[in-house]
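Throughout, a chain's letter reflects where its sequence line sits, starting with A, and its residues are numbered from 1.
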2 protein chains.
Amino acid sequence: MLKIGRLAELSGVSVRALRYYEEQGLLESERTPAGQRVYQESAVERVRFYQQLYAAGLTSRHIARLLPCIDSGHTDADQRRMLREQRDRIQAKMDELASVLRRLDELIDLTRTHP
Amino acid sequence: MLKIGRLAELSGVSVRALRYYEEQGLLESERTPAGQRVYQESAVERVRFYQQLYAAGLTSRHIARLLPCIDSGHTDADQRRMLREQRDRIQAKMDELASVLRRLDELIDLTRTHP
DNA sequence: CCTGCCTCTGACGTCAACGTCAGATTCGAG
DNA sequence: CTCGAATCTGACGTTGACGTCAGAGGCAGG
């Protein structure tokens, strides 16, 4: 059982971010009688996963729509379509990054021989 | 010789974006006597390259600092450091994307067998 | 000369994922 | 009990890459 500050530490995000995730419907929390948030240990992994998804260019809304798949393993046609959509988008982005990487490497080589 | 609307068409960005690039010092333009912008054909390629760099997570300022390397092929120590910095950042991001891709693929597999 | 589209500058609007601040509570160590 | 640290809600601020709108002027065809 973690309080919000501890979860923030363990998962490497800010307290504000965790409250924001809850606001967006991504992260549930129990409450103490006084109203303080309490999380399961498993929340650490979940928050880290969210960070990866954000870094991959998904929005809160995308993630919210993926949650049912992640939690239940069950999906309707729409969700499966979205999963593939995001998958393809990420693949495309990787290709683009690879292309930029090659160009930067060329530049680096070029400026090593031409200082 | 291209006017701004034509360049926007050919390079796939908005007219507003082109003016913004100029504002940020990324794109020069000649001017007609009446003050309208005129570009070389080579601007098309350049703008497309900028789009790739933006997509790779660089900011206008980053790109502006890279311009001397791109144009002259000469660099000082600071610029070389920055080139490697961006290169490494992009590599790290690709690794992260690859990781997310694997997880999404797992999910897709899982939801194919568990519809 | 008229007209409809293009372009100009300048300025405010947008969107997402938080940062930050204020003021009030609550917790926990001593 | 006390007092500093952590937490709460609510609300406004930030940043980057543009979108959008207003008002004015330029350009080509008929």
Q: What's the CG-C1' distance between B:Leu18 and C:dC6, to the nearest Å?
A: 14 Å
Q: Taking the minimum atom-to-atom distance to the side chain of A:Gln51, which one of C:dG19, D:dC8, C:dC18 wins?
A: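 For the A:Gln51 side chain, the nearest candidate turns out to be C:dC18.
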Q: Any heavy-atom pair between the side chains of B:Gln79 and B:Arg65 that's under 4.5 Å?
A: no
Q: Minimum heavy-atom separation for A:Leu26 to A:Leu67, with atom names?
A: CA-CD1, 3.9 Å
Q: Do B:Arg48 and B:Gln51 have side-chain atoms, one donor and one acceptor, less than 3.5 Å apart?
A: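 Side chains of B:Arg48 and B:Gln51: no pair found under 3.5 Å.
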Q: Find the distance B:Ile4:CD1 to D:dG25:C1' and express it as a whole number of Å.
A: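 B:Ile4 atom CD1 is separated from D:dG25 atom C1' by 16 Å.
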Q: Send over the distance from A:Leu2 CG to D:dA6 P, rounded to a whole Å.
A: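 Between P of D:dA6 and CG of A:Leu2: 16 Å.
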Q: More than 12 heavy atoms of other residues, nucleotides or ligands under 6.0 Å from CZ of A:Arg61: yes or no?
A: no
Q: Between protein and nucleotides 27-30 of chain C, what N or O pairs are separated by less than 3.5 Å?
A:
none

Q: Does B:Tyr20 have a side-chain nitrogen or oxygen under 4.0 Å from the phosphate oxygens OP1 or OP2 of D:dA17?
A: yes
Q: Note the angle between the end axes of the helix from C:dC1-D:dG30 to C:dG30-D:dC1, five pairs defining each, rounded to 10 degrees.
A: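 Rounded value for the end-axis angle: 10°.
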Q: Any side-chain heavy atom of A:Arg87 within less than 4.5 Å of one from B:Leu101?
A: yes
Q: When you check the gap from the basic side-chain N to the acidic O, do A:Glu85 and A:Arg81 get nearer than 4.0 Å?
A: yes
Q: Mind checking if B:Arg31 touches a base, just sugar-phosphate, or nothing, with heavy atoms under 4.0 Å?
A: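 Answer is sugar-phosphate: B:Arg31 comes under 4.0 Å of backbone atoms only.
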Q: Only one of B:Glu30, B:Glu22, B:Glu28 forms a side chain to side chain donor-acceptor pair (under 3.5 Å) with B:Arg37, so which one is it?
A: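 Exactly one pass, corresponding to B:Glu22.
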Q: Taking any heavy-atom pair under 4.0 Å as a contact, classify A:Arg19: base, sugar-phosphate, or nothing.
A: base
Q: Taking atom P of D:dT15 as reference, at what distance in whole Å does atom NE2 of B:His62 sit?
A: 15 Å
Q: Assign A:Tyr21 to base, sugar-phosphate, or nothing according to its heavy-atom contacts below 4.0 angstrom with the strands shown.
A: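 If one applies the 4.0 Å heavy-atom cut-off, A:Tyr21 turns out to touch the sugar-phosphate alone, with no base involved.
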Q: B:Arg61 has an atom CZ; how far is it from atom P of D:dG16, in whole Å?
A: 7 Å
Q: Verify the contact: side-chain N or O of A:Thr59 to OP1 or OP2 of C:dC15, cut-off strictly under 4.0 Å; return yes or no.
A: no
Q: Sub-3.5 Å donor-acceptor pair from the side chain of B:Tyr39 to the main-chain atoms of B:Leu7, do we have one?
A: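 Side chain of B:Tyr39 to backbone of B:Leu7: no pair is present.
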Q: When you check the phosphate oxygens OP1 and OP2 of D:dA17, does a side-chain N or O of B:Ser60 lie under 4.0 Å from one of them?
A: yes
Q: Over all strands shown, is A:Leu58 touching base, sugar-phosphate only, or nothing at heavy-atom distances under 4.0 angstrom?
A: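 Contact class for A:Leu58: sugar-phosphate only.
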Q: Taking only the side-chain heavy atoms of A:Tyr54 (C-beta and beyond), determine which of C:dA17, D:dC8, D:dC18 contains the nearest atom.
A: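 Nearest to the side-chain atoms of A:Tyr54, counting from C-beta on, is C:dA17.
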Q: Closer than 3.5 angstrom, by distance alone: can the side chain of A:Arg84 be matched with the main-chain N or O of B:Ile108 as a donor-acceptor pair?
A: no
Q: Between P on C:dA16 and CD on A:Gln24, what's the gap in Å once rounded to a whole number?
A: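 Taking atom P of C:dA16 as the reference, CD of A:Gln24 is at 9 Å.
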Q: Is A:Leu26 touching bases, backbone alone, or none of the nucleic acid, heavy atoms closer than 4.0 Å?
A: nothing
Q: Between atom CE in B:Met1 and atom C1' in C:dC6, what is the gap in whole Å?
A: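 My rounded result for the distance is 19 Å.
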Q: Closest to the A:Arg16 side chain: C:dT20, D:dC18, C:dA17?
A: C:dT20
Q: Using whole Å, what does the distance between atom P of nucleotide D:dG10 and atom CD of A:Glu22 come to?
A: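 Computing the A:Glu22:CD to D:dG10:P distance gives 12 Å.
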Q: Do the ring centers of B:Tyr21 and B:Tyr54 come within less than 6.0 Å of each other?
A: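 Ring-ring flag for B:Tyr21/B:Tyr54: true, centres closer than 6.0 Å.
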